[in-house]
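In what follows, a structure is listed as structure tokens, so that the remarks can point back to it.
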Amino acid sequence: MDVTRTGADVLFVLLGAVMVLAMHAGFAFLEVGTVRKKNQVNALVKILTDFAVSTTAYFFVGYAVAYGIGFFASAPVLVGKVEGAGFAANGYDLVKFFFLATFAAAIPAIISGGIAERARFWSQLAATSILVALVYPLFEGMVWGTRLGFQELVTATFGLAFHDFAGSVVVHAVGGWIALGAVLMLGARKGRYRKDGHVIAIPPSNIPFLALGSWVLCVGWFGFNVMSAQAIDGISGLVAMNSLMAMVGGILASLVVGRNDPGFVHNGALAGLVAVCAGSDVMHPIGAFATGGIAGALFVWAFNQCQNKWRIDDVLGVWALHGLCGTMGGIAAGIFGQEALGGLGGVSLGAQVFGTLTGAGFGFAAGLAVYGGLKATIGIRLTEEDEFMGADLAVHQITAYPEEATTVHDDAGPLAIRAAMGGAAHNSLHG
């Protein structure tokens, strides 16, 4: 890398990293607002600790798997003060790692929403370690690096490389298809489906938190997409405009198809943003708007199919949102990115279909393998008693609203308090 890289690039990428870091708060509150009250603390702790484990795994193993670069060198080398060592000036490679680490950590954050309310806490951290150290970086390196000669194969076959500017496939489709494998390995929440085929509704616990999570993700997404240029001279207003248009397209489509349901509307915005990532740098804004609209409608349809027809208990609909909309977005880049449709060109539909299906298949196989292996060894699901009680009490020994439990009676002793907290969990399940 060029050792004369300016501090402006470092600041540019750093701001992007901070914006994507903030998106993890969005993941957390989207899950908090969707799960039942007895699992809200677990959602918050899980997203934060997943981020810590992801960063650790990516720093020590994953980044080297993806790009062949490690950080086991002296600080002068890492900040480019030693010429010829391969590190750019001003610590550019360090902020690039920070930026890409926030992408890597999105994989377990995506999965978290699908497996909510019944997954074991420590088993999920083990899965995060494997996925971010080995699984995700392998496909990341294939598309954004030089691993396994993947892009050379695609170029030789289709004339152009597989194009995924900001991760519709690398991050979202792969994460969503891994999540589908995890959900299938876990099975549905207790009481979700009756033997007679009847579906028991489990409504979101807090629509304002759900909406807050969506808004935080939407704002941070402009760092996710625009800063994927990774250099100040590569910044493009087209990426920002396309992200905006895809977001509003997703909102409007989900509003209509979802019949004003607030959960669909707020997730529709995210569906549009997921889908536009791949082609946000080559599409015309009208193409981005259409991409977002298709994604918003696709999410509503797929979520309903999963929950009501296929009996797949994906709590936040992450396979529909990230897996399917990311897959659609990877292919859409090869359609709306064409010059004939007002795009900048430089994309091949054949390459997009091949690369996208490869990512989806890779993610699904990895999800089945990782979660299937953990299921057969250490187990991945809470006990029936702990699931009934809720992960907040079972794992963290505290509820999201501890004052409600501890102030039932002023003279309550430890046993009375514990009973009250258990009663709160029982009411949350059946209320």
Side-chain angles (χ1 to χ4, degrees), residues 1-2 5-28 47 51-52 54-55 58-59 62-63 66-67 69 71 78-80 87-110 132 136-137 140-141 143-145 163-172 174-175 213-247 269-270 272-283 288 322 326 329 333:
M1 225 177 245
D2 186 2
R5 176 92 58 181
T6 66
D9 286 339
V10 174
L11 180 60
F12 176 74
V13 178
L14 176 61
L15 291 174
V18 171
M19 290 181 73
V20 183
L21 173 62
M23 290 175 68
H24 289 267
F27 281 119
I47 295 292
F51 183 85
S54 295
T55 303
Y58 198 62
F59 179 84
Y63 197 73
Y67 303 105
I69 299 172
F71 299 101
L78 296 179
V79 297
F87 285 89
N90 301 311
Y92 173 82
D93 292 283
L94 304 184
V95 294
K96 181 180 177 181
F97 163 82
F98 181 10
F99 182 65
L100 292 175
T102 60
F103 279 52
I107 297 295
I110 290 168
V132 181
Y136 166 76
E140 176 190 17
V143 176
W144 290 339
H163 186 85
D164 189 3
F165 180 70
S168 284
V169 177
V170 173
V171 178
H172 298 287
V174 169
S214 174
W215 270 108
V216 172
L217 282 164
C218 287
V219 173
W221 222 294
F222 288 86
F224 196 97
N225 284 1
V226 175
M227 273 70 166
S228 284
Q230 297 184 24
I232 195 74
D233 61 2
I235 192 171
S236 171
L238 182 64
V239 177
M241 175 63 82
N242 284 343
S243 300
L244 177 66
M245 295 305 292
M247 181 183 78
L270 308 181
L273 287 163
V274 164
V276 82
C277 287
S280 58
D281 63 328
V282 295
M283 290 181 181
H322 299 274

For this session: Examine Y63 together with Y67 and report whether their ring centres are nearer than 6.0 Å.
Result: yes
Identify the two heavy atoms, one from [X] and one from [Y], that lie closest to each other, and give their separation to 0.1 Å.
X: V169; Y: D164; result: N-OD2, 3.0 Å
X: A105; Y: F51; result: CB-CD1, 3.5 Å
X: I235; Y: I232; result: CG2-O, 3.1 Å
X: W144; Y: A166; result: CZ2-C, 4.1 Å
X: V132; Y: P108; result: CG2-CD, 4.0 Å
X: C218; Y: L270; result: SG-CD2, 3.9 Å

For this session: Might you work through the side chain to side chain contact (heavy atoms under 4.5 Å, CB included) test for V276 and S168, ending with a clear yes or no?
Result: CA-CA 7 Å; V276 82; S168 284; over 6 Å; no
For this session: Could you walk me through whether H163 and D281 pass side chain to side chain contact (heavy atoms under 4.5 Å, CB included), step by step?
Result: CA-CA 10 Å; H163 186 85; D281 63 328; 2.8 Å; yes
For this session: Report the C-alpha separation of V274 and W221 in whole Å, then their side-chain angles, then the decisive distance to 0.1 Å, and conclude whether the side chain to side chain contact (heavy atoms under 4.5 Å, CB included) test is met.
Result: CA-CA 9 Å; V274 164; W221 222 294; 3.5 Å; yes
Looking at side-chain heavy atoms only, is the closest gap between [X] and [Y] below 4.5 Å?
X: Y136; Y: V170; value: yes
X: F71; Y: F87; value: yes
X: Q230; Y: L100; value: yes
X: F222; Y: L244; value: yes
X: L78; Y: D93; value: no

Problem set entry | Value rounded to 0.5 Å, distance of NE2 in H24 from OG1 in T102 | 5.5 Å
Exercise. Looking at CG of L273 and CG of L217, how far apart are the two atoms once the value is rounded to the nearest 0.5 Å?
Worked result: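 Result: 9.0 Å between the selected atoms.
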For this session: Apply side chain to side chain contact (heavy atoms under 4.5 Å, CB included) to M227 and L15, showing your working.
Result: CA-CA 8 Å; M227 273 70 166; L15 291 174; 4.2 Å; yes
Exercise. Hey, does the side chain of T55 reach the backbone of A52 with a donor-acceptor pair shorter than 3.5 angstrom?
Worked result: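 Pair absent, no side-chain N/O of T55 close to backbone of A52.
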Exercise. Counting N and O atoms only, with roles assigned by atom type, does the side chain of N225 sit under 3.5 Å from a partner on the main chain of C277, one being a donor and the other an acceptor?
Worked result: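 No; zero donor-acceptor contacts below 3.5 Å.
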Exercise. Do the rings of H172 and H322 sit parallel, tilted or perpendicular, given the 30° and 60° boundaries?
Worked result: parallel
Exercise. For the ring pair (Phe, Tyr, Trp, His ring centres under 6.0 Å) test, which of F103, F97, F99 pairs with Y58?
Worked result: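 For Y58, the ring pair (Phe, Tyr, Trp, His ring centres under 6.0 Å) check succeeds only for F97.
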